[in-house]
Amino acid sequence: MTSRKLVIAIDGPAASGKSTTARLVAARLGYLHVDTGAMYRAFALKVLRRNIAIGDRQGIESLVAGTHVALALQGDVLRVFLDGEDVSDAIRSPEVSRAVSPVSGYPEVRRAMVREQRLLGAAGGIVMDGRDIGTVVYPDADVKFFMVAGIEARARRRQEELTGTGTAIPLEAVVQDIRERDARDAGRAESPLRRADDAIDIDTSALTIEEQVEIVLKAVSGILQERRKR
Ligand code: CDP
């Protein structure tokens with residue numbers, strides 16, 4: 001019987017429910033949750049604060065070397081730290097959402113983040129969500145999911161999240177932001193958003209959070225049972 005803990009990869013487009021699902025699955029399994037989008041967002045926030053132009057590849061790539069992004073669970077909330085400062089709320093601003101896709105497209109930025117992400121999962125026992133987890137970060141993950149949802153459902157969820165943090169944005173504006181970011185994430189040269197060939201598809205449009213979590217946990221428990229038989 002093997003007791004090795006799994007590496008679980010969850011990828012998908014903006015606001016498809018990856019992070020919420022990943023956090024709850026990790027809590028149920030006693031695994032570490034790594035929200036890689038939050039890591040890229042924290043770095044994009046630093047770029048904005050330093051007033052570095054989004055097109056300044058050299059300026060951005062040299063900044064990443066001296067940057068430390070960390071994730072820590074406080075209660076059941078994942079907090080994000082940029083060079084020691086808690087930036088969990090600041091990284092959700094519309095400005096960061098606009099900057100993060102181009103900033104995270106620079107090769108040196110990806111190299112630095114992917115290196116960190118691989119270290120975090122080296123011992124297994126991890127649920128990592130993002131855009132390139134099953135394709136680039138952990139192509140050998142034990143199980144991969146690709147989460148999608150209709151644009152309406154995604155925009156409504158994102159709008160509710162933003163309202164919760166005190167930012168009121170019309171639904172049409174949220175739809176446009178999500179569409180633009182999806183197109184940029186899928187169309188960029190470096191680590192574009194892509195479904196891994198061996199990923200399990202989950203369409204969350206009509207699912208509750210609990211249902212999404214159950215689908216993932218069922219697949220995971222199937223794999224664990226298989227392994228025990230070997
Ligand atoms: O939560 P939401 O769906 O809005 O996105 P996120 O997971 O916070 O990711 C924010 C952005 O970071 C994405 O739109 C990508 O541009 C970038 N990202 C990436 O390039 N690679 C990842 N593994 C995760 C996020």
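In each ligand, atom 1 is the first atom listed, and ligand 1 is the first ligand listed.
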Ranked by distance from atom 23 (N) of ligand 1, the top protein heavy atom is Asp132 OD1, 2.8 Å

For Gly130, the atoms of ligand 1 under 4.0 Å from one of its heavy atoms are 23 (N), 24 (C)

Heavy atoms of other groups near Leu73 CG, more than 12 under 6.0 Å:
yes

Contact region, Met128 to ligand 1, non-hydrogen atoms below 4.0 Å, reads neither

Residues pairing under side-chain hydrogen bond (donor to acceptor under 3.5 Å, both in side chains) where one sits in residues 165-176, two or more places apart or in two chains, turn out to be Gln176-Glu180

among protein heavy atoms, the one nearest atom 5 (O) of ligand 1 is Arg131 NH2, 3.0 Å

So side-chain hydrogen bond (donor to acceptor under 3.5 Å, both in side chains) across residues 216-226, not counting sequence neighbours, yields Glu226-Lys229

Quick note on ligand 1: atoms under 4.0 Å from a heavy atom of Ser101 include exactly 16 (O)

Output for pair (Met39 CE, Gln117 CD), nearest 0.5 Å, gives 4.5 Å

Exactly one of Arg194, Lys144, Arg110 clears salt bridge (charged side-chain N to carboxylate O under 4.0 Å, His left out) with Asp132, and that residue is Arg110

Point to revise | Side-chain donor or acceptor of Thr21 paired with backbone N/O of Gln212 under 3.5 Å | key: no

re atom 24 (C) of ligand 1, the protein heavy-atom contact at minimum distance is Thr36 OG1, 3.3 Å

Review point. Heavy atom of Arg158 under 4.0 Å from ligand 1?
Key: yes

Counting heavy atoms under 4.0 Å, the part of Arg181 that contacts ligand 1 is side chain

Per-atom filter on ligand 1: closer than 4.0 angstrom to a heavy atom of Val100 are 10 (C), 11 (C), 12 (O)

For Asp129 and Ala22, the nearest pair of non-hydrogen atoms, with its separation, is OD1-CB, 3.8 Å

At under 4.0 Å between heavy atoms, what of Met113 touches ligand 1? The answer is neither

Judged by heavy atoms only, the candidate from Arg188, Glu190, Met39, Arg184 nearest atom 19 (C) of ligand 1 is Arg188

Please step through salt bridge (Lys or Arg N to Asp or Glu O under 4.0 Å) for the pair Asp177 and Arg184, ending with a clear verdict. CA-CA 11 Å; Asp177 278 358; Arg184 234 184 267 138; over 6 Å; no

In ligand 1, the atoms that come under 4.0 Å of a heavy atom of Tyr40 are 12 (O), 18 (N), 19 (C), 21 (N), 22 (C), 23 (N), 24 (C), 25 (C)

Output for pair (Leu71 CG, Leu78 CG), nearest 0.5 Å, gives 5.0 Å

Nearest non-hydrogen protein atom to atom 17 (C) of ligand 1, with distance, is Ser104 OG, 3.5 Å

Counting from 1 in the order shown, the ligand 1 atoms closer than 4.0 Å to a non-hydrogen atom of Ala14 are 3 (O)

Atom 16 (O) of ligand 1 sits nearest the protein heavy atom Asp185 OD1, 2.6 Å

Okay, side chain of Asp11, backbone of Ile133: is any donor-acceptor separation there less than 3.5 Å? yes

The atoms of ligand 1 lying under 4.0 Å from a heavy atom of Ala15, numbered in the order shown, are 2 (P), 3 (O)

Within 4.0 Å of some non-hydrogen atom of Arg110, the atoms of ligand 1 are 19 (C), 20 (O), 21 (N), 22 (C), 23 (N)

With Ser97 as partner, the option from Arg158, Arg181, Arg41 fulfilling side-chain hydrogen bond (donor to acceptor under 3.5 Å, both in side chains) is Arg41

Check the pair Arg156, Glu161 against salt bridge (Lys or Arg N to Asp or Glu O under 4.0 Å), reporting the backbone distance first and the verdict last. CA-CA 9 Å; Arg156 240 181 299 108; Glu161 257 171 43; over 6 Å; no

The protein heavy atom nearest to atom 8 (O) of ligand 1 is Arg41 NE, 2.7 Å

Per-atom filter on ligand 1: closer than 4.0 angstrom to a heavy atom of Lys18 are 3 (O)

closest protein heavy atom to atom 25 (C) of ligand 1 is Gly37 CA, 3.5 Å

Around atom CD of Glu210, are there more than 12 heavy atoms from other residues, nucleotides or ligands closer than 6.0 Å? yes

_Sub-4.0 Å heavy-atom approach of Ser19 to ligand 1_ = no

